[in-house]
Amino acid sequence: MEVVIIGSGFAGSVIARKLVEHHQDIKVTIYEKRNHIGGNMYDEIDENGVLIQKYGPHIFHTNNKEVFDFVGRFTEYRYFKHEVVGEIDGEIVPIPFNFAGIDTLFALKEATKIKKILMEKYEVNQRVSIGQLLESQDDMIRSFGEYVYEKVFVHYTAKQWGIPIDEIDTSVINRIPVVMGYERNHFSTKYQYMPKEGFKKIFDNMLDHHQIQVFCNVNAKTILNFNEEKRQVYVNGKKFDGPIVMTGALDELLDYKYGVLPYRSLDLKYENYKMNYFQTKPVVNYPNSEKFTRITEFKYLTGQRIDNTTTILKEYPCTYNPEKNTPFYPIVNKESYLRYAIYKKYFEKFAKLYLCGRLAEYKYYDMNSVITEAMKYAEKIIEENF
């Protein structure tokens, strides 16, 4: 049986590999809109010899051993402890904010008092959401929460999303915690690694299977047709009764007939400098200054050792326009979810059409989560069709 998959990011690629390993008679055809596989994980060597991530920085981290082992089949890992810092009031402090930030930004007496009260309430290196701090019954803890909220979150989040912070869903605000100690590891997950040869190599290896065929530069709109009355899907003009996995944007597939699903996008500006390193950490956030949100230096992420050259990325958040840029972050609000629900209801009419991934589900996924979901979807497709 043939399975058609739209999109070759982690969602589509993981499902494809899982399906063909289930049975030798399953043939998977992947159609990819871009001129390369790998979705937003795609990386390449720039003209200066630096391995850059074309759609922004990604670090592989997970608590799921099954995910860790599965991805490890297609790459050799390099341990990577990610550190992020932010420029606040002219000082560089760790992100997530921690006790080192308190030491840097507060006078000694006040810093000592704040840390003492926090340690009486929380465990060492416990990660506490900004919401918990703001809701504390202790006046000093609540005041400290308000300080971090203002200095670290308010302006950065408003800049990232283009709207006042009081209009942003609380799940977004609470995504980055405050660390009750001096731990500087940006992630708290068990497995934190980077692929030694880059992310694209993972996809090269994952899709290198005689039962998988990939076609790039193919827009799903040109090959898929939907007969709503007959509840029938046509692929390349022919009736198709096998499973179809859609990982791309649903509104684009239907020519935005129910309106455009809102996203935030990014204007990505790459700069090269003839020096060994531009900054002291992989990522520096700029919550209150600059028009960009952060600077990433790729040599830290890749572990490359190249003298006298380094490439950085500045991320400028911007409004998503389907004709001009890439949808990165779904805008979480009631109106956008209601619009997505209309698109989802339309596609639910087609029994063997599966929606998986960040765009198709209109949901923010990190790398670990989308791989986990793709594994589940592969099992679901197998159970229902094979």
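Numbering starts at 1 and runs along the sequence shown. If you're wondering where the values come from, they're calculated on a predicted model, not measured in any experiment.
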Hey, is [X] close enough to [Y] for a salt bridge, meaning N to O under 4.0 Å?
{"X": "Lys380", "Y": "Glu383", "value": "no"}
{"X": "Glu21", "Y": "Arg73", "value": "yes"}
{"X": "Lys314", "Y": "Glu271", "value": "yes"}

Side-chain donor-acceptor contact under 3.5 Å, [X] with [Y]:
{"X": "Asn321", "Y": "Ser265", "result": "no"}
{"X": "Asp103", "Y": "Tyr182", "result": "yes"}
{"X": "Gln132", "Y": "Tyr122", "result": "no"}
{"X": "Thr189", "Y": "Asn63", "result": "no"}
{"X": "Thr309", "Y": "Asn48", "result": "no"}
{"X": "Asn185", "Y": "Gln192", "result": "yes"}

Heavy atoms, side chains only, cut-off 4.5 Å: are [X] and [Y] in contact?
{"X": "Asn276", "Y": "Thr310", "answer": "no"}
{"X": "Phe10", "Y": "Met41", "answer": "yes"}
{"X": "Gln232", "Y": "Tyr234", "answer": "yes"}
{"X": "Tyr365", "Y": "Ile371", "answer": "no"}
{"X": "Ile95", "Y": "Arg294", "answer": "no"}
{"X": "Met375", "Y": "Lys18", "answer": "yes"}
{"X": "Asp241", "Y": "Lys239", "answer": "yes"}
{"X": "Glu44", "Y": "Lys200", "answer": "no"}

May I ask you to decide if [Y]'s main-chain N or O and [X]'s side chain share a donor-acceptor pair within less than 3.5 Å?
{"X": "Gln279", "Y": "Lys281", "answer": "yes"}
{"X": "Asn98", "Y": "Ala100", "answer": "yes"}
{"X": "Thr222", "Y": "Asn219", "answer": "yes"}
{"X": "Asp43", "Y": "Phe199", "answer": "yes"}
{"X": "Asn205", "Y": "Lys201", "answer": "yes"}
{"X": "Lys344", "Y": "Tyr362", "answer": "no"}
{"X": "Thr293", "Y": "Gln160", "answer": "no"}
{"X": "Gln304", "Y": "Gly49", "answer": "yes"}
{"X": "Lys299", "Y": "Ile306", "answer": "yes"}
{"X": "Tyr286", "Y": "Ile295", "answer": "no"}

Strictly under 6.0 Å, is that where the ring centroids of [X] and [Y] end up?
{"X": "Tyr300", "Y": "Tyr277", "answer": "yes"}
{"X": "Phe68", "Y": "Tyr77", "answer": "yes"}
{"X": "Tyr79", "Y": "Tyr193", "answer": "yes"}
{"X": "Phe80", "Y": "His82", "answer": "yes"}

Got a sec: does the [atom1] of [X] have more than 12 other heavy atoms crowding it under 6.0 Å?
{"X": "Arg305", "atom1": "CZ", "result": "no"}
{"X": "Lys274", "atom1": "NZ", "result": "yes"}
{"X": "Glu348", "atom1": "CD", "result": "yes"}
{"X": "Glu120", "atom1": "CD", "result": "yes"}
{"X": "Lys230", "atom1": "NZ", "result": "no"}
{"X": "Gln126", "atom1": "CD", "result": "yes"}
{"X": "Lys334", "atom1": "NZ", "result": "no"}
{"X": "Lys81", "atom1": "NZ", "result": "yes"}

Of the non-hydrogen atoms in [X] and [Y], which two are nearest, and what is the gap between them?
{"X": "His186", "Y": "Arg127", "value": "O-NH1, 3.1 Å"}
{"X": "Ile331", "Y": "Trp161", "value": "CA-CZ3, 4.1 Å"}
{"X": "Val152", "Y": "Tyr156", "value": "O-CB, 3.5 Å"}
{"X": "Leu19", "Y": "Ile26", "value": "O-CD1, 3.3 Å"}
{"X": "Leu261", "Y": "Ser336", "value": "CD2-O, 3.9 Å"}
{"X": "Ala11", "Y": "Gly357", "value": "CB-CA, 4.0 Å"}

Start with the C-alpha distance between Lys33 and Glu252, add both sets of side-chain angles, then the distance that settles salt bridge (charged side-chain N to carboxylate O under 4.0 Å, His left out), and finish with yes or no.
-> CA-CA 12 Å; Lys33 179 182 177 183; Glu252 179 185 355; 2.6 Å; yes
Within 45° of the axis and under 6.0 Å from the centre of the six-membered ring of Tyr316, does NZ or CZ of Lys269 qualify?
->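 No, Lys269 does not lie over the aromatic ring of Tyr316.
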Cation-aromatic face contact Arg17/Phe74, 6.0 Å, 45 degrees =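 No, Arg17 does not sit over the ring of Phe74.
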Parallel, tilted or perpendicular: ring planes of [X] versus [Y], cut at 30 and 60 degrees:
{"X": "His36", "Y": "Tyr42", "value": "parallel"}
{"X": "Phe106", "Y": "Phe144", "value": "tilted"}
{"X": "Phe298", "Y": "Tyr270", "value": "parallel"}

Working to the nearest 0.5 Å, report the span between CG of Asp89 and OG1 of Thr104.
->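 Atom-to-atom, Asp89:CG and Thr104:OG1 are 11.5 Å apart.
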Got a second to check how far Lys196's NZ is from Arg78's CZ, nearest 0.5 Å?
->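 Output value for this atom pair is 8.5 Å.
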